[in-house]
Amino acid sequence: ARELSHPVNEARNLVAEYFRNDQGYSAAERLNYFQAADLQLAGGLPTGIPRDYKLSGMNRDYLLVRYQDEWRERYTGEVSVLAAADRSYSLRAQGNYAISDYYELRLVLLQNRGERDSEFGNSPVSNALELSLAANF
């Protein structure tokens, strides 16, 4: 993995990282995997595919770009995109609001996109929105 990190100022950070996974699949191997999975799932027989499927493991090459920022010491935000060699991607946007020294409100949007036979296009979750309140004592 190679990382290029550039702190814009103390509160902002921009990171670009290239990751090579030698255990990932080639385009042909990935297509064969998804076709075999489709056949097994269509047959209705018990299969370990949902249990064995792991995101960020199907491709050999990935690029991660992440931008973080902070405003007025109470608000933080982050946007990151993880793109795979098969042109699928996972977008994550997060915003935090520090209500006090002990409570934080967090909003997270996750979006996975890609073609039918791509890693993130086959993700079990395509869109997710999470709102949470964290208490740290």
Side-chain angles (χ1 to χ4, degrees):
R2 294 193 176 159
E3 182 176 320
L4 171 65
S5 179
H6 180 65
V8 179
N9 65 27
E10 288 182 21
R12 291 183 192 149
N13 193 20
L14 178 64
V15 175
E17 181 176 313
Y18 165 76
F19 178 72
R20 172 87 177 164
N21 177 13
D22 288 332
Q23 295 179 352
Y25 300 157
S26 69
E29 291 169 333
R30 200 169 41 254
L31 181 61
N32 288 338
Y33 174 88
F34 288 129
Q35 287 175 346
D38 287 343
L39 287 173
Q40 286 183 353
L41 292 171
L45 299 173
T47 178
I49 290 171
R51 183 179 59 251
D52 296 336
Y53 185 78
K54 293 179 178 63
L55 290 175
S56 302
M58 297 295 294
N59 285 270
R60 291 191 177 148
D61 297 298
Y62 295 90
L63 178 64
L64 171 68
V65 177
R66 180 176 57 227
Y67 175 76
Q68 298 170 308
D69 204 346
E70 180 182 308
W71 305 273
R72 298 184 182 177
E73 297 181 10
R74 287 196 173 267
Y75 304 93
T76 58
E78 176 181 323
V79 176
S80 63
V81 177
L82 178 62
D86 63 10
R87 297 186 184 157
S88 64
Y89 67 89
S90 180
L91 169 70
R92 185 174 190 274
Q94 176 175 327
N96 298 337
Y97 170 59
I99 299 168
S100 69
D101 289 341
Y102 304 106
Y103 296 101
E104 180 178 75
L105 188 63
R106 179 178 302 141
L107 179 66
V108 179
L109 169 68
L110 176 66
Q111 192 174 65
N112 293 310
R113 290 284 181 261
E115 297 293 322
R116 182 171 181 262
D117 291 325
S118 66
E119 180 170 355
F120 295 109
N122 270 300
S123 172
V125 176
S126 59
N127 292 308
L129 183 63
E130 173 189 323
L131 179 63
S132 60
L133 176 66
N136 299 308
F137 295 99

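Quantities reported herein were computed from a predicted structural model and do not represent experimental measurements.
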* Asked: So, for Y102 and F137, is the gap between ring centers shorter than 6.0 Å?
  -> yes

Counting distance only, does the side-chain N/O of [X] pair as donor-acceptor with the main-chain N or O of [Y] below 3.5 Å?
| X | Y | result |
| --- | --- | --- |
| N59 | D61 | no |
| N122 | R116 | yes |
| N13 | Q68 | no |

I need the [X] [atom1] to [Y] [atom2] distance, nearest 0.5 Å.
| X | Y | atom1 | atom2 | value |
| --- | --- | --- | --- | --- |
| S132 | N96 | OG | CG | 8.0 Å |
| L63 | F19 | CG | CZ | 12.5 Å |
| Y97 | L133 | OH | CG | 11.5 Å |
| L110 | N127 | CG | CG | 8.0 Å |

Do [X] and [Y] belong together in a cluster built from hydrophobic side chains that touch within less than 4.5 Å?
| X | Y | value |
| --- | --- | --- |
| I99 | L107 | yes |
| L131 | L91 | no |
| V125 | L129 | no |
| W71 | V108 | no |
| L105 | L109 | yes |

Might you point out which heavy atoms bring [X] and [Y] nearest each other, and give the distance in Å?
| X | Y | answer |
| --- | --- | --- |
| G121 | S88 | N-CB, 4.1 Å |
| E119 | D86 | N-OD2, 2.7 Å |
| R30 | Y25 | NH1-O, 3.1 Å |
| L82 | Y62 | CD1-CB, 4.0 Å |

* To do: Check step by step if side chain to side chain contact (heavy atoms under 4.5 Å, CB included) holds for D101 and N136.
  => CA-CA 8 Å; D101 289 341; N136 299 308; over 6 Å; no

* Asked: Taking the side chain as C-beta and beyond, is there a heavy-atom pair between V65 and V79 under 4.5 Å?
  -> no

* To do: Return yes when atom CD of E29 has more than 12 non-hydrogen atoms of other residues, nucleotides or ligands closer than 6.0 Å, and no otherwise.
  => yes

* Asked: Got more than 12 heavy atoms from elsewhere within 6.0 Å of OH, Y103?
  -> no

Tell me every residue that passes salt bridge (Lys or Arg N to Asp or Glu O under 4.0 Å) with [X], counting only those two or more places apart in sequence or in another chain.
| X | answer |
| --- | --- |
| R74 | none |
| E78 | none |
| E104 | R106 |

* Indicate yes or no: does R92 engage E130 in a salt bridge with an N to O separation below 4.0 Å. => no

